K.L.:
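Starting off with a structure, shown below.
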Amino acid sequence: MRDELLGALNESQRKAVEYIDGPSLVIAGAGSGKTRVLTYKIAYLLDQGMKPWNILALTFTNKAAKEMRNRIGQLVGDEIARYLYMGTFHSIFSRILRREAERIGYSSNFTIYDESDSRSLIKSIIKEMNFDDKVYKPATVHHRISMAKNHLILPDLYAIDKDALQHDRESRMPAISAIYSAYCARCKQANAMDFDDLLTQTFMLFNEHEEVRRQYAERFQFVLVDEYQDTNSVQQRIVYQLTEEHQRVCVVGDDAQSIYGFRGANIDNILDFQQTYEGTRLFKLEQNYRSTQYIVQAANSLIRKNERQIHKDVFSQNDKGERLAFKPAYSDKEEAIIVCNDIKRIKRDERGSYSDFAILYRTNAQSRSFEEVFRKENIPYRIYGGLSFYQRKEIKDIIAYFRVVANPDDEEALKRIINYPARGIGDTTVGKIAACAMNNQTSLWNVISHPVQYQLDVNKGTQTKLQHFCELITTFIKKMDNTDAYELGSEIIKVSGISADLYGDTSPEALARQENLEEFLSGMQDFVQGRKEEGLEQEVSLTDFLQEVSLMTDLDSDDAEENAQRVTLMTVHSAKGLEFPTVFVVGLEENIFPSPLSTTSKRELEEERRLLYVAITRAERHCILTCAKNRWRYGKMEFDTPSRFLYDIDPNLMKVEEEKGADTFTARTFNPSPRIRTAEPRFRQTTTVPSGNLRRLSDVTRPSASTSTATTSKPMLQEGNTIEHERFGVGTVIKVEGTGENTKATVQFRHAGTKQLLLKFAKYKVIG
């Protein structure tokens with residue numbers, strides 16, 4: 001049985017599976033068969049006579065646990081596999097806690113609070129303590145409490161933790177410690193645990209009841225942990241509690257794929273494992289079965305720039321493949337068009353499916369430009385692990401405001417915003433307004449505008465709140481005819497209190513919402529500028545913008561079969577564990593990737609580099625990297641430099657495409673320390689460079705000295721001129737017509753197709 005069982009493994013995998021006499025650390029490079037090693041190791045333990053109920057296997061997702069159990073069942077039989085203690089940390093420890101609940105003051109039927117339950121309770125506590133929930137945002141407070149628990153800083157310790165208390169004071173939330181204590185007390189009183197408690201309470205159970213710890217340590221004679229680089233402090237401590245005596249523990253992971261520090265994951269757990277368990281055997285799985293040789297080598301060259309890591313030499317015996325392609329774009333609009341055109345080309349050439357393609361970005365907000373282009377080009381797509389840009393709550397809230405301003409009788413939109421941000425108009429009042437409107441056969445807006453006339457049954461205080469809301473909307477309505485969509489939309493977002501609400505929170509979820517807001521504003525500005533350039537300056541109102549957006553919110557059916565044939569859009573964090581024949585890593589610019597929040601800390605910057613490593617290693621055959629030189633941000637077009645991480649990749653493993661075609665640069669020198677720069681939009685000089693010439697990546701994306709913008713005088717265009725356009729890139733003028741301010745040019749752009757531009761608004765530079 002032994003040789004038959006292990007015959008499917010390579011030498012490195014086999015050695016990792018066979019060692020069961022002490023602690024072992026298996027460093028599994030991307031695509032190297034990590035799950036196979038875990039699966040076969042468990043099967044090997046069973047083959048060696050260990051009972052299934054004496055094996056504990058901990059994973060991070062139910063999907064991973066189910067997949068492993070199924071594979072083990074195929075090797076040893078489902079009847080044996082079903083007795084394994086295998087599952088997520090939370091599911092396994094909740095079973096233990098139910099059995100031992102009375103020892104820690106709970107009954108065995110305790111409730112498990114999900115995130116929504118936890119935040120609801122925190123919101124109640126904040127209200128009871130008379131704190132301002134606009135300062136003490138429940139989501140932010142919950143995030144602080146969760147991070148404290150993940151580091152085993154329970155309420156008593158938190159109350160004397162100088163760093164935590166100082167952080168709270170600087171965040172204008174000095175009472176978090178009191179809220180934390182009250183929250184834990186209320187959970188205990190309600191016989192409830194949140195997800196973090198399933199870990200902290202297990203640790204406390206073992207820490208305070210030695211006989212219980214020994215009982216489970218003896219029961220679980222062998223402990224295996226998947227994705228060990230993602231464990232937090234309390235998870236590591238529990239694993240040690242269970243294995244301290246017998247030390248029969250095997251952890252599998254890849255420090256180069258540790259990307260969840262913002263959730264509390266601690267890379268030190270895997271880096272220091274050999275110090276924690278003396279005599280640890282280290283096994284490295286270095287053969288990548290997923291990607292071509294060029295992709296693997298490029299990823300290796302990138303990750304070598306990290307100082308804190310366990311060194312390994314990942315290799316591939318697949319085809320050599322293509323070099324990574326780097327395609328700089330003029331704007332995020334052109335970037336999306338380039339990706340769209342490449343998808344069409346590769347799909348046609350390789351006779352593939354849309355499901356062969358994935359677009360990976362650093363932030364969710366970046367999906368907007370790709371969604372818009374895909375819809376115009378009829379390319380089916382799905383947002384993996386999230387919502388389409390225009391379906392996200394904060395975007396729907398803003399659009400609801402716009403809809404009410406454009407059409408105050410829009411009942412559904414009005415109901416959505418009448419108490420957002422909170423202004424004391426509750427569900428009871430809304431119900432009365434709706435009933436009154438129905439009885440009088442009129443709209444909700446008419447009732448709100450004329451409460452006395454329609455005899456609305458509310459008290460004077462509520463009438464005042466409704467009057468203020470009505471005046472707010474009316475102020476915006478009056479500006480509809482002489483204000484463009486971006487100007488009016490920005491005012492609505494600010495004056496209504498939406499921006500203050502979104503920026504009043506510091507949780508990771510809030511940061512994503514803020515990024516979505518900024519991206520939405522950028523989209524509005526792009527809409528207005530684009531319409532003006534195309535000679536449609538009379539079609540830039542809020543109503544015109546809503547008409548455009550309505551095309552983006554008409555979501556396709558989410559049928560499972562159809563969904564399988566779509567391009568996948570997702571954040572790099574969501575892509576971990578997945579693979580695709582073709583991967584686009586987009587937005588590789590300073591201020592985006594790496595995140596500006598990471599650039600002041602070496603530890604965080606190395607995690608950002610690992611994040612790009614994860615992105616590149618998702619690709620099987622093609623990996624295409626893009627960046628945009630210009631993006632709308634904070635009310636203006638900003639210039640960004642390429643990401644510093646592009647300079648970390650071996651230049652011999654990457655080809656760079658310029659405006660007039662693709663050139664492979666077999667040898668280049670790079671500036672090792674590109675600076676973050678923000679400037680007014682400028683345009684690069686277009687040159688034709690023979691393949692093989694020594695060139696710098698920065699030369700390809702360097703703005704020319706003779707940059708001009710729409711505000712400077714531009715020479716008269718003629719047919720045959722070549723221009724550089726701020727948003728559409730390089731194009732050839734095929735026709736010029738009209739005179740004076742009405743002069744228009746028809747331009748054939750390299751990526752964006754044919755556009756007609758009204759020259760008085762167009763931002764371009766003549767280059768030939």
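Keep in mind it's a predicted model, so treat the numbers as computed, not measured.
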K.L.:
Looking only at the side chains, is there a donor atom on one of Glu533 and Gln529 sitting less than 3.5 Å from an acceptor on the other?
P.N.:
yes
K.L.:
Taking all heavy atoms of Leu588 and all of Leu646, pick out the closest pair and write down the distance.
P.N.:
O-CD1, 3.9 Å
K.L.:
Below 4.5 Å, heavy atoms only, C-beta onward: do Glu620 and Ile295 meet side chain to side chain?
P.N.:
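Heavy-atom side-chain distance check fails, nothing below 4.5 Å.
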K.L.:
Would you give the length of the straight line joining atom CD1 of Ile337 to atom CD of Glu377, rounded to the nearest 0.5 angstrom?
P.N.:
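Here the rounded value is 8.0 Å.
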K.L.:
For Phe326 and Cys627, which heavy atoms make the closest approach, and how far apart are they?
P.N.:
CZ-SG, 3.6 Å
K.L.:
Keeping the roles fixed (side chain from Ser301, backbone from Asp650), state whether a donor-acceptor pair exists under 3.5 Å.
P.N.:
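Present.
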K.L.:
Is the backbone N or O of Leu717 less than 3.5 Å from a side-chain atom of Asn721, with the two atoms forming a donor-acceptor pair by type?
P.N.:
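Not at all, since once roles are kept as given, no pair shorter than 3.5 Å links the two residues.
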K.L.:
Is any NZ, NE, NH1 or NH2 atom of the basic residue among Asp397 and Arg416 found under 4.0 Å from an Asp or Glu carboxylate oxygen of the other?
P.N.:
yes
K.L.:
Which heavy atom of Tyr390 sits nearest to which heavy atom of Ile399, and what is that distance?
P.N.:
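Closest approach of Tyr390 to Ile399: CD2-CD1, 3.8 Å.
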K.L.:
Decide yes or no for Val583 and His622: does some side-chain heavy atom of the first lie under 4.5 Å from some side-chain heavy atom of the second?
P.N.:
no
K.L.:
At their closest point, which heavy atom of Gln366 faces which heavy atom of Val586, and how far apart are they?
P.N.:
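Residues Gln366 and Val586, closest heavy atoms: NE2-O, 3.9 Å.
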K.L.:
Which is it for Ile473 and Ile417 under the side-chain contact (heavy atoms from CB on, under 4.5 Å) test, yes or no, and what are the steps along the way?
P.N.:
CA-CA 11 Å; Ile473 300 300; Ile417 67 164; 4.3 Å; yes
K.L.:
Please check if the number of heavy atoms outside Tyr420 that lie under 6.0 Å from its OH is greater than 12.
P.N.:
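Yes, the 6.0 Å shell around OH holds more than 12 heavy atoms from other groups.
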K.L.:
Do any N or O atoms from the side chain of Glu335 and from the backbone of Gly587 form a donor-acceptor pair under 3.5 angstrom?
P.N.:
yes
K.L.:
If you round to the nearest 0.5 Å, how far is OH of Tyr381 from OG of Ser367?
P.N.:
7.5 Å
K.L.:
In Å and rounded to the nearest 0.5 Å, what is the OH to OG1 distance from Tyr764 to Thr722?
P.N.:
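Tyr764 atom OH to Thr722 atom OG1 measures 13.0 Å (nearest 0.5 Å).
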K.L.:
If we only count heavy atoms from C-beta on, is the Ile723 to Ile767 side-chain gap below 4.5 Å?
P.N.:
no
K.L.:
Got Glu608 and Ser595 here, is their nearest side-chain heavy-atom distance under 4.5 Å?
P.N.:
yes
K.L.:
Over all heavy atoms of both residues, which pair between Ala615 and Val572 is shortest? Give the atoms and the distance, please.
P.N.:
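Where Ala615 meets Val572 most closely, the heavy atoms are CB-CG1, 3.7 Å.
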K.L.:
Are Leu360 and Thr571 close enough, and set up right, to give a side-chain contact (heavy atoms from CB on, under 4.5 Å), and what steps lead you there?
P.N.:
CA-CA 5 Å; Leu360 309 185; Thr571 63; over 6 Å; no
K.L.:
Taking C-beta and beyond as the side chain, do Val405 and Ile492 meet within less than 4.5 Å on heavy atoms?
P.N.:
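Of all side-chain heavy-atom pairs linking Ile492 with Val405, at least one is under 4.5 Å.
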K.L.:
State, without any angle test, whether Glu371 and Ser388 hold a side-chain donor-acceptor pair at a distance under 3.5 Å.
P.N.:
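A donor-acceptor contact under 3.5 Å links the two side chains.
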K.L.:
Which residue in the set Glu724, Glu657, Glu334 passes salt bridge (charged side-chain N to carboxylate O under 4.0 Å, His left out) when paired with Arg750?
P.N.:
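Only one of Glu724, Glu657, Glu334 forms a salt bridge (charged side-chain N to carboxylate O under 4.0 Å, His left out) with Arg750, namely Glu657.
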K.L.:
Tell me whether Arg513 is salt-bridged to Glu509, with the criterion being a basic N under 4.0 Å from an acidic carboxylate O.
P.N.:
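No, this pair does not count.
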K.L.:
Indicate yes or no: at least one non-hydrogen side-chain atom of Arg382 is less than 4.5 angstrom from one of Met570.
P.N.:
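Counting from C-beta outward, Arg382 and Met570 never come under 4.5 Å.
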K.L.:
Quick check: do Ile649 and Ile616 have side-chain heavy atoms less than 4.5 Å from each other?
P.N.:
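Ile649 reaches Ile616 side chain to side chain.
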K.L.:
Once you round to the nearest 0.5 Å, how far does CG of Asn341 lie from CD1 of Ile346?
P.N.:
11.0 Å
K.L.:
State whether a side-chain donor-acceptor pair under 3.5 Å links Asn446 with Ser449.
P.N.:
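Asn446 vs Ser449: no donor-acceptor pair found between side chains.
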K.L.:
Mind running side-chain hydrogen bond (donor to acceptor under 3.5 Å, both in side chains) on Ser643 and Glu589 for me, showing each step along the way?
P.N.:
CA-CA 4 Å; Ser643 168; Glu589 302 140 44; over 6 Å; no
K.L.:
Hey, mind stepping through Asp526 and Lys333 against salt bridge (Lys or Arg N to Asp or Glu O under 4.0 Å) and telling me if it holds?
P.N.:
CA-CA 9 Å; Asp526 190 43; Lys333 181 181 285 290; 3.4 Å; yes
K.L.:
Under 6.0 Å between ring centres, would you say that holds for Phe749 and His725?
P.N.:
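Close enough - the centres of the two rings lie under 6.0 Å apart.
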K.L.:
For the side chain of Asp501 and the backbone of Pro421, is there at least one donor-acceptor N/O pair under 3.5 Å apart?
P.N.:
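Between the backbone of Pro421 and the side chain of Asp501 there is no qualifying donor-acceptor contact (under 3.5 Å).
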K.L.:
Heavy-atom count check: over 12 atoms from other residues, nucleotides or ligands less than 6.0 Å from Glu741 CD?
P.N.:
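Check fails, neighbour count at 12 or below.
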K.L.:
By the definition side chain to side chain contact (heavy atoms under 4.5 Å, CB included), identify the one residue from Arg531, Lys532, Met524 that meets it with Val528.
P.N.:
Lys532
K.L.:
May I have the step-by-step check of side-chain hydrogen bond (donor to acceptor under 3.5 Å, both in side chains) for Asn516 and Glu394, ending in yes or no?
P.N.:
CA-CA 8 Å; Asn516 287 334; Glu394 57 278 8; 2.7 Å; yes
K.L.:
Would Arg403 and Glu412 count as a salt bridge (Lys or Arg N to Asp or Glu O under 4.0 Å) here? Give the steps.
P.N.:
CA-CA 10 Å; Arg403 284 168 52 185; Glu412 290 307 309; over 6 Å; no
K.L.:
What's the separation between atom OH in Tyr354 and atom CD in Gln565, rounded to the nearest 0.5 Å?
P.N.:
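If I round to the nearest 0.5 Å, the distance is 10.5 Å.
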K.L.:
Testing the 3.5 Å rule here: is there a donor-acceptor pair between the side chains of Glu737 and Gln756?
P.N.:
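Yes, because at least one side-chain N or O of Glu737 sits under 3.5 Å from a partner of the opposite role on Gln756.
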K.L.:
Taking it one step at a time, do Lys735 and Glu719 satisfy salt bridge (Lys or Arg N to Asp or Glu O under 4.0 Å)?
P.N.:
CA-CA 5 Å; Lys735 184 166 67 172; Glu719 290 182 19; over 6 Å; no
K.L.:
Carefully, step by step, assess Glu322 and Arg621 under the rule salt bridge (Lys or Arg N to Asp or Glu O under 4.0 Å).
P.N.:
CA-CA 7 Å; Glu322 301 175 351; Arg621 295 198 298 272; over 6 Å; no
K.L.:
Could Lys347 and Phe357 be counted as a cation-pi pair, given that NZ or CZ must be under 6.0 Å from the ring centre and within 45° of the axis?
P.N.:
no
K.L.:
Dump the intermediate steps for side-chain hydrogen bond (donor to acceptor under 3.5 Å, both in side chains) on Arg618 and Thr582, then the final yes or no.
P.N.:
CA-CA 9 Å; Arg618 300 309 95 196; Thr582 300; over 6 Å; no
K.L.:
Taking Ser353 for the side chain and Asp356 for the main chain, is one N or O donor matched with an acceptor at less than 3.5 Å?
P.N.:
no
K.L.:
Restricting to non-hydrogen atoms, name the atom on Pro594 and the atom on Thr599 that form the minimum distance, rounded to 0.1 Å.
P.N.:
CG-CG2, 4.1 Å
K.L.:
Just wondering, do Asp409 and Val404 contact through their side chains at under 4.5 Å, heavy atoms?
P.N.:
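A side-chain contact under 4.5 Å is absent here.
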K.L.:
Starting from the C-alpha separation in whole Å, work towards a yes-or-no answer on side-chain contact (heavy atoms from CB on, under 4.5 Å) for Arg631 and Ile592.
P.N.:
CA-CA 11 Å; Arg631 287 183 191 268; Ile592 294 180; 3.4 Å; yes
K.L.:
So, the side chain of Arg392 versus the backbone of Leu387: is there a donor-acceptor pair under 3.5 Å, distance only?
P.N.:
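Confirmed, Arg392 side chain pairs with Leu387 backbone.
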K.L.:
Does the plane of the ring in Phe520 sit parallel, tilted or perpendicular to the ring in Phe389? Use 30° and 60° as the thresholds.
P.N.:
parallel
K.L.:
About how many Å separate CG of Asp332 and CD of Glu372, when rounded to the nearest 0.5 Å?
P.N.:
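Nearest 0.5 Å value for the CD-CG distance: 9.5 Å.
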K.L.:
Could you walk me through whether His468 and Arg423 pass side-chain contact (heavy atoms from CB on, under 4.5 Å), step by step?
P.N.:
CA-CA 9 Å; His468 289 162; Arg423 51 176 60 91; over 6 Å; no
